[in-house]
Amino acid sequence: MKNKNLKAQPPEEFTGIQLTEVPKTAAGFKAIKSSLKHITEEVGLAKGIGLLTKINQKEGFDCPGCAWPDPDEKRAFLAEYCENGAKAIAEEATKNRVSPMFFTTHSVSELSKLSDYEIGKKGRITHPMLLKEGSDQYEEISWNDAFSLIGKELNALSSPDEAIFYTSGRTSNEAAFLYQLFVRQFGTNNLPDCSNMCHESSGSALSETLGIGKGSVTLDDFNHADLVIVMGQNPGTNHPRMLSALKDTKKNGGKIITINPLPEVGLMNFKDPQNPINWFKGDKLTDLFLQVKINGDVALLKIIMLLLLEKEKQEKGSVFDLEFIKNKTANFDEFLADLETESIEKLLPQTGIELETIKTAADMIAKNKKVIVCWAMGLTQHKNAVDNIREIVNLLLLKGSIGKKGAGTCPVRGHSNVQGDRTMGIWEKPKDSFLDNLEKEFNFKAPRKHGYDVVDAIEAMHEKKAKVFIGMGGNFISATPDTEFTSEALQNCDLTVHISTKLNRSHLIHGKKALILPCLGRSEKDIQESGEQFVSVENSMGVVHQSHGHLAPLSSELKSETAIVCGIADNTLKDSKVKWNDLKTNYDFIRDKIENTIPGFENYNKRVRQKGGFYLPNNARDNNFSPTKTGKANFTVNKPSEIKLNENEFMMMTIRTHDQYNTTIYGLNDRYRGILNERRVILMNENDIKKLDLKKLDVVNLTSHFKGEERYANKFLAIPYDIPEQCTATYFPETNVLVPIKSKADISNTPASKTVIITINKA
């Protein structure tokens, strides 16, 4: 029986907004001050400083935040992390505890009424907990009983496809490999992960065009680039260490173009926190800012390429790399024929940018041969997201800017091992070659039918086609679209299981029965039968390296993710030939299995022990495109956005605050946008506010519109902001409820959280 008192959405309450002037620079001393404040409050200054000296060091632990790579060579002694990395460690090593006693005094329905910020601040979970059917209170359960319950529920299913096995990007290579092995031995490919909601569009586009679903650049390439184009991304908040790489580009004579609906401070002027001299002056990063309308990127890129084509016609070979195009690419004639059917005059209104500004960008691209394009979810969460990325590839192919030093593709991944999870086989559409290797190594018949991605999984649970949900990390309910629909889907399950470090809303929106299984954090020692272990991860540029925790576990009841997977597998798979309990005793055994199964991991245990780790093979980086269907890099034909807004409609994109990483909310401030102590806001163009007869800080209600359906989110404060007309921005998860489950990207199936059509009404 469902608990009708559960709240899937954050409360519609204001917390006391304060507006300040938008700062002109990012990072610097204020970032250090903010980092120390969070560390001191959550951990204590002395212990916190000790932790910070270990984060992202070659013999330390990998930051549980973003996947931006560390320098191959020398690393900063005290600051090889960013402000949000410090916040992530503060959250993980917090003094606050969610113990069995906590759950005896707090009901699930009571906790669900709190904001995501308040829930997260309750602290680390110390013991495995069970919510019995019909109960509103979690109670302690032993690990053996928890594993037994999961095995019983899974084996009672009429088909393995009735189970969903979700993964977040924090999971180590070792845990991810065993997890997917267990799931496939169980008999399904239902392995959705957080990639489905962020960079799936990148992987789809890059695999088709370049033969690998990863970026092609290394960190060192930023030292050699003539031009870096940053699109749909806010590194100052989401990947702050990227700003140091952009600073290196400028120092070595390169230029930077930024393309985004919002002018993000971090990309404009950066004060390097590793350099005290730079705390006060700062470095100007962006040379040219193109303030594109939401989802106007394909139109903008087509205009740029039309201008480049015009220059190329005036002097053949002056702009395009014709030798590269001839020898390394396919479908160029089809691409060119389609491009010449486009009209700059018709495309221009979609961009919202003056033509002269675009011409300046085209001139910069024409003059430079080594070009890197970076992007994030501002490009990947649209209906035409795959087209966005393929059009970027078209531009780079015209310039021959793939497979050379200082040039290439750079999708900036989010969570710290999201790329490694995919390499380890966390994917609902595995390649036959990968499954062949699994079968050979582990002597079983792997399922070949493709499984559910995130959107498919939600719909399957909603239709009661899936009855058990197991989440390895993450905060599923707050990360996914269509909050109320997803909430109903999870509550339809017979059992929901979450392997987690901290309390989050997903533990409170549960199936008939629910388990919380507490795991070690990255910063904690992992001691197994053979001694202390390390895990490995892959950063967003394909470097695999070790991560070694340094803190004593906060509770003797915590298990590693690897040990938890082995416990579940051992209690579920009665005929498995895998010795699960032996594998968890020494992670070298797991890495041996990975080496035998996945190309690129030769001598894994030896190479991962080298300081800094090793690079995985990357065909695009090597200027080899043989894995594509044509054996060459593929030009593609893509269409601009087809969305047309009515006069009273607006395009809404969801964004993060500066005190947030993914669904983890560290605080209530968005310092770089001048918004403090409030999250229920909508950023609007000042002219739009006037047209709606609104004033600054008026309370408004939002309604999203999709194929005749309406969804509602109430009580937001209207804030005039520098954003194109008919474009708006709101924070997630507060407005995830407005994102329709069926509004998703073509091909990749990624939720279209950046193109939500809304109307705005005064409350």
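- In this structure, F732 and Q660 have side chains that are in contact, with non-hydrogen atoms separated by less than 4.5 Å.
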ask   = Could you walk me through whether E725 and K293 pass the salt bridge (charged side-chain N to carboxylate O under 4.0 Å, His left out) check?
value = CA-CA 8 Å; E725 291 188 27; K293 286 184 177 181; over 6 Å; no

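- With a 4.5 Å cut-off on side-chain heavy atoms, D338 and N638 do not count as touching.
- The closest donor-acceptor contact from the side chain of N685 to the backbone of I723 lies under 3.5 Å.
- Aromatic pair H658/Y666: centroids not less than 6.0 angstrom apart.
- A distance of 11.5 Å separates CD1 of I747 from CD of E200, quoted to the nearest 0.5 Å.
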task = Evaluate the side chain to side chain contact (heavy atoms under 4.5 Å, CB included) criterion for residues Y661 and R656: first the C-alpha distance (whole Å), next the side-chain angles of each, then the deciding distance (0.1 Å), finally the verdict.
result = CA-CA 7 Å; Y661 192 76; R656 304 169 182 162; 3.7 Å; yes

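- Under a 3.5 Å cut-off, the side chain of R505 and the backbone N or O of K7 do form a donor-acceptor pair.
- Nearest heavy-atom pair, M197 versus A479, reported as atom, atom and distance to 0.1 Å: SD-O, 3.5 Å.
- T209 and N634 share no side-chain donor-acceptor pair at under 3.5 Å.
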request  = Carefully, step by step, assess I392 and L379 under the rule side chain to side chain contact (heavy atoms under 4.5 Å, CB included).
outcome  = CA-CA 10 Å; I392 287 173; L379 263 64; 3.4 Å; yes

query = Given the rule in the salt bridge (charged side-chain N to carboxylate O under 4.0 Å, His left out) test, do E118 and K121 qualify, once you have shown the distances and angles that lead to the verdict?
reply = CA-CA 5 Å; E118 292 169 319; K121 287 300 179 186; over 6 Å; no

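- Across N475 and S506, no two heavy atoms sit closer than the pair OD1-OG, 2.7 Å.
- Checking side-chain atoms of T657 against main-chain N and O of D670 turns up no donor-acceptor pair under 3.5 Å.
- The two residues A299 and L347 make their nearest non-hydrogen contact at CB-O, 3.8 Å.
- Side-chain contact between D297 and E391 is absent, with no heavy atoms from C-beta onward closer than 4.5 Å.
- The number of heavy-atom neighbours closer than 6.0 Å to CD of E642, taken from other residues, nucleotides and ligands shown, is 12 or below.
- Rounding to the nearest 0.5 Å gives a distance of 8.5 Å between NE2 of H382 and OG of S641.
- In this structure, the side chain of N749 does not engage the main chain of K744 through any donor-acceptor pair within 3.5 Å.
- Side-chain contact check for V371 versus L396: some heavy-atom pair is nearer than 4.5 Å.
- Residues satisfying the side-chain contact (heavy atoms from CB on, under 4.5 Å) criterion with I344, sequence neighbours excluded, are I303, L306, L307, L355.
- Under the 3.5 Å distance criterion, the side-chain polar atoms of Q291 are matched with a main-chain donor or acceptor of P261.
- Residues E734 and K715 fail the side-chain proximity criterion, which asks for heavy atoms closer than 4.5 Å.
- Between the D453 side chain and the V455 main chain, a donor and an acceptor come within less than 3.5 Å of each other.
- When every heavy atom of Q381 is checked against every heavy atom of T750, the shortest pair comes out as CG-CG2, 4.1 Å.
- Within 6.0 Å of CD on E686 lie no more than 12 heavy atoms contributed by other residues, nucleotides or ligands.
- Within the cation-pi definition used here (under 6.0 Å to the ring centroid, within 45° of the axis), R680 does not qualify as a partner of F14.
- Looking only at side-chain heavy atoms (C-beta outward), F706 and V739 stay at 4.5 Å or farther from each other.
- Side-chain contact annotation: D421 with T167, donor-acceptor N/O pair under 3.5 Å absent.
- For E334, the CD atom counts as densely surrounded, since its 6.0 Å shell holds more than 12 non-hydrogen atoms of other residues, nucleotides or ligands.
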Test log, rule side chain to side chain contact (heavy atoms under 4.5 Å, CB included), inputs I353 and V292 = CA-CA 6 Å; I353 305 170; V292 68; 4.0 Å; yes

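- Once rounded to the nearest 0.5 Å, the distance linking NZ of K113 with CD of Q9 reads 14.0 Å.
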Side chain to side chain contact (heavy atoms under 4.5 Å, CB included) evaluation trace for Y731 with I665 = CA-CA 11 Å; Y731 302 137; I665 299 169; over 6 Å; no

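- Between the side chain of T486 and the backbone N or O of T483, no donor-acceptor pair lies under 3.5 Å.
- Looking only at distances, no side-chain donor or acceptor of N677 sits under 3.5 Å from a matching main-chain atom of Q18.
- The distance from the CD1 atom of I760 to the CD1 atom of I682 is 4.0 Å, given to the nearest 0.5 Å.
- Atom-to-atom distance recorded for N504:CG and L111:CG is 11.5 Å, nearest 0.5 angstrom.
- Atoms CD and CG, from E678 and L19 in turn, are 10.0 Å apart once rounded to the nearest 0.5 Å.
- The two atoms that bring L262 and I655 nearest to each other are CD1-CD1, 4.2 Å, heavy atoms only.
- When L267, I257, I259, V230 are each tested for a side-chain contact (heavy atoms from CB on, under 4.5 Å) with T286, only one passes: L267.
- Counted by atom type alone, N234 and Y672 present zero donor-acceptor pairs between their side chains at under 3.5 Å.
- The shortest distance between side-chain heavy atoms of F289 and T357 does not fall below 4.5 Å.
- A donor atom on one side chain and an acceptor atom on the other are found under 3.5 Å apart for S500 and H507.
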request  = In sequence, state the C-alpha distance, the side-chain angles, and the governing distance for E709 and K742, and then conclude on salt bridge (charged side-chain N to carboxylate O under 4.0 Å, His left out).
outcome  = CA-CA 11 Å; E709 301 173 353; K742 293 189 181 299; over 6 Å; no

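- Between the side chains of D116 and S478, a donor-acceptor pair is found at a separation under 3.5 Å.
- Not counting sequence neighbours, the partners of T380 by the side-chain contact (heavy atoms from CB on, under 4.5 Å) test are H199, S201, S202, W375, M377, I389.
- Counted within 6.0 Å of NZ on K429, heavy atoms from surrounding residues, nucleotides or ligands total more than 12; the atom is thus considered enclosed.
- The aromatic rings of F476 and Y166 stand perpendicular to each other, their planes meeting at an angle above 60°, with 30° marking the opposite boundary.
- Taking all atoms of both residues into account, the shortest heavy-atom contact from V22 to R673 is CG2-O, 3.6 Å.
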request  = Show your working on salt bridge (charged side-chain N to carboxylate O under 4.0 Å, His left out) between D387 and K639 and close with a plain yes or no.
outcome  = CA-CA 7 Å; D387 281 15; K639 296 300 178 187; over 6 Å; no

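- Side-chain contact between L692 and F650 is present, with heavy atoms from C-beta onward closer than 4.5 Å.
- A donor-acceptor contact shorter than 3.5 Å links the side chain of D659 to the backbone of N669.
- Checked by atom type and distance alone, the side chain of N189 never pairs as donor or acceptor with a backbone atom of H450 at under 3.5 Å.
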